[in-house]
Amino acid sequence: MKTNKKRALAMLLALVMLFSLALTGCGGETAQKDGEQSSTGKTTLNILMEDVPDTSCVTALLDQFEAETGIKVNVESVNYSSMHEKILTQMLSSTNSYDIIVVDCYWVGEFAAAGWMAPLDSYIEESGFDTSVYIDSMMDMVGQVDGTTYMLPFYNYMLSLVYRTDVWEEQGLEIPDNMEDYVEACKQITANTSGSMAGAVMQGLRPDPIAMEWCNYLFSCGGDFYDENGNNIINNEAGVKALELYVDNMTNSAPAGAAGFGFDEAFNVMAQGNAASYVTYNWMLPRLENTDESSVAGLCDITPMPGGVSLNAGWGWAIPHNAADKDASWKFLQWVESFDVCKARAIAGGSPTRSDVMSDAEVLEACPYLETVKTIMEDSKMIPIMEDAPQLIEVLGRELSEAVAGAKTPQEALDTLAKEMANMK
Amino acid sequence: MKSIHKHSGDSSIRTARRKDFLLFMLPSLIALMLVLAIPLAYSLITSFFDTNLKYQGLGEFRGLQNYIEVLKDTYFTESVLTTLKFTVCVVVLEFVVGLVIALLLNNIYKARNFFFTIIIVPMMITPIAVGLIWRLLLHSDLGIVNYLLSLIGISGKAWLADSSLALGTVMFIDIWQNVPYMVLVILAGLVTLPTEPYEAAAIDGASRTQSFFRLTVPMMMPTFSVVLLLRSITALKTYDLIFVLTRGGPGTTTEVISYHIYQQAFRYLEIGKASAMSYLLLLLIVPIAFLFIRISRSRTT
């Protein structure tokens, strides 16, 4: 009898252990449900965002949203490189721990094909939200896909040329109107200063930093991924020229380690006053003007790419298809994209997507460079919206890096890319 | 088994005990099944299908097509070679450096714990943090390494951006991080060695080198083989350092198998192909694991 009792006790203990194991496995879900109230909807919203200035502009205003609606917002801001995986795993489970996500423009095709974003049209209609205030190119990129609105454009990160006005003047140089002369000028600056001032700082890290930067060279040299008939033209003469110039600039005017720089490292070189120009995201300019972060405040300006065509890019707000309380999520989207909030974000250094914010007098007074940004945007191009765009960026980054490392000629690298692009959709 | 058949009374007790034993094993067995066997089996299945995370279900059956495509992919075969090169270099160097440090530590008695604590620190840091710290230190323009080199008149290099240096730099950082592991295990082995053979050897007039090669090495052989095999397995799977330091670049000079699999699975979402690659990586690891099990078994018996 005694042994039987012992055995029963042991069994019970084993069951308890097993059960507690199962409980820890579900821990995430139970914790998540804490924020919910059955009658009034979710009182806590979780958002996954990238650790960039535009995110700080939003987090600074969150108390206001909580005061207005009683809904608390947790922003999880992470490094870009881990975002895609984090979103991915949440999309595949039955419930999503994020109520709102931000979507990079080259994920749009993939997310739409997979059905990971909830359509917003009914919410827009019901609440009378006006989407016509957005700049068209933003709405085409991070708003609608094939006529359905999945996102509200959050911020734009169009790239262009940021340069040191004082250095170019000292050197007696002007920003040229074509890429060939620009690369020559950069090389000249590096040579004149025997390397202490790099003509250009560049971001050659695989995959997105190098891919994003080079697209500006590509578009400004007259190249593109596809022509208007959908034919792949990435390895045509203009494309090869663009890559030759890129490699030339990387080898002969950029700092030695630039082939491995991500955008933070390149930014630091610029902010320390060791580079004369930098093809970068337009929101880098307010960072360079910030004396806490930069020793070159007041000496930088943004200008169209030599050759005139920039890479346009941006992020959109979206509600995951498996979000717990989409009404609450929409409430936040409506607030964060309202005119007043967008204006406050822009004045704090955010990069607007609404044309009414971009032409607002107060905003322009605080950020006069937005005038230039707006004109650059008019002639800009974007990475094609396609299902396999993340793969395109990955392969593009690898092949560009191969060319920079000298393992392939520009022609060979782009031929490989063209071959792999044939299998992408 | 024989003894059980002879004494049937005994055997019933034994089977009862075995049942108890099973009962206690069951919870952990179930847990192990859930987290190990099922995912393994599932990924084996997906490796024969055109599975893509974008779409529901397994997708089209492809037979061995995934494996064929993977083996034809020159970037994959290149990454296998890079991984092997990386593994051999770091494991050998880590072993040699670790052995030297362990021998030194074993022969000092003052402040041994002090030195041991300092040496063990890199092992405590997660590889991601190690990568980030070294990225900052090695920044070609603003990093402290090139600055210090410039003070003694050496011009700094682009440690992570130069295609001829990048793999070596990654190896160095890996060695920096993993030598402590070698030291830890080898020192633990050295401490347990009996002292009598050394005393006898000293009386017989053996030199220190002789007693090292004739006594230490043979007695330490089981420890050496275990530590080498375990480290080889983890080195073959290296991923985090590469992800933080180079992303496989410049070009494809530091692209290891695990990074290649990560790209396939989490960038392209092609789980079918990624599973096939993982199973090919498993083919590399399994023989080492079997060798490890055989050696650790022969050691206990």
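Every chain is numbered from 1 and lettered A, B, ... according to where its sequence line falls, protein lines coming before strand lines.
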Distance in Å, [X] [atom1] paired with [Y] [atom2], rounded so as to fall on 0.5 Å steps:
| X | Y | atom1 | atom2 | result |
| --- | --- | --- | --- | --- |
| A:Gln391 | B:Glu270 | CD | CD | 5.0 Å |
| B:Thr252 | A:Arg398 | OG1 | CZ | 8.0 Å |
| A:Ser401 | B:Arg247 | OG | CZ | 11.5 Å |
| A:Glu265 | B:Leu138 | CD | CG | 10.5 Å |

- Message: Counting heavy-atom pairs closer than 4.5 Å to chain B, which one of A:Ala113, A:Ala256, A:Ser81, A:Gly204 comes out on top?
- Response: A:Ser81
- Note on the structure: Note: vs chain B, highest number of non-hydrogen pairs under 4.5 angstrom among A:Lys408, A:Glu402, A:Met424 is A:Glu402
Measure [X] against the heavy atoms of chain A and call it side chain, backbone, both or neither at under 4.5 Å.
| X | value |
| --- | --- |
| B:Thr246 | backbone |
| B:Leu142 | side chain |
| B:Glu255 | side chain |
| B:Gln264 | neither |
| B:Leu136 | neither |

Report which part of [X] has an atom under 4.5 Å of a heavy atom belonging to chain B: side chain, backbone, both, or neither.
| X | value |
| --- | --- |
| A:Glu399 | side chain |
| A:Glu110 | both |
| A:Phe111 | neither |
| A:Val404 | neither |
| A:Thr251 | neither |

- Message: Using a 3.5 Å distance criterion without hydrogens, assess whether the side chain of A:His84 forms a donor-acceptor pair with backbone atoms of B:Arg267.
- Response: no
- Taking the side chain from A:Arg206 and the backbone from B:Gly251, do they hold a donor-acceptor pair closer than 3.5 Å? yes
- Is there a side-chain contact between B:Lys54 and A:Asp388 (heavy atoms, below 4.5 Å)?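 B:Lys54 vs A:Asp388: side chains touch.
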- Query: Got B:Gln263 and A:Pro207 here, is their nearest side-chain heavy-atom distance under 4.5 Å?
  - Reply: no
- Scanning both residues in full, the closest heavy-atom pair of B:Ala158 with A:Gly257 reads CB-CA, 3.6 Å
- Query: Can you name the closest pair of heavy atoms from B:Leu53 and A:Trp116 and give their distance?
  - Reply: O-CZ2, 3.7 Å
- Query: For B:Glu60, does the CD atom have more than 12 heavy-atom neighbours from other residues, nucleotides or ligands under 6.0 Å away?
  - Reply: no
- Task: Sort out for me which of B:Tyr75, B:Phe243, B:Tyr262, B:Tyr55 touches chain A most, counting heavy-atom pairs under 4.5 Å.
- Result: B:Tyr75
- Stepwise side chain to side chain contact (heavy atoms under 4.5 Å, CB included) check, A:Val201 with B:Asp141: CA-CA 10 Å; A:Val201 64; B:Asp141 214 38; over 6 Å; no
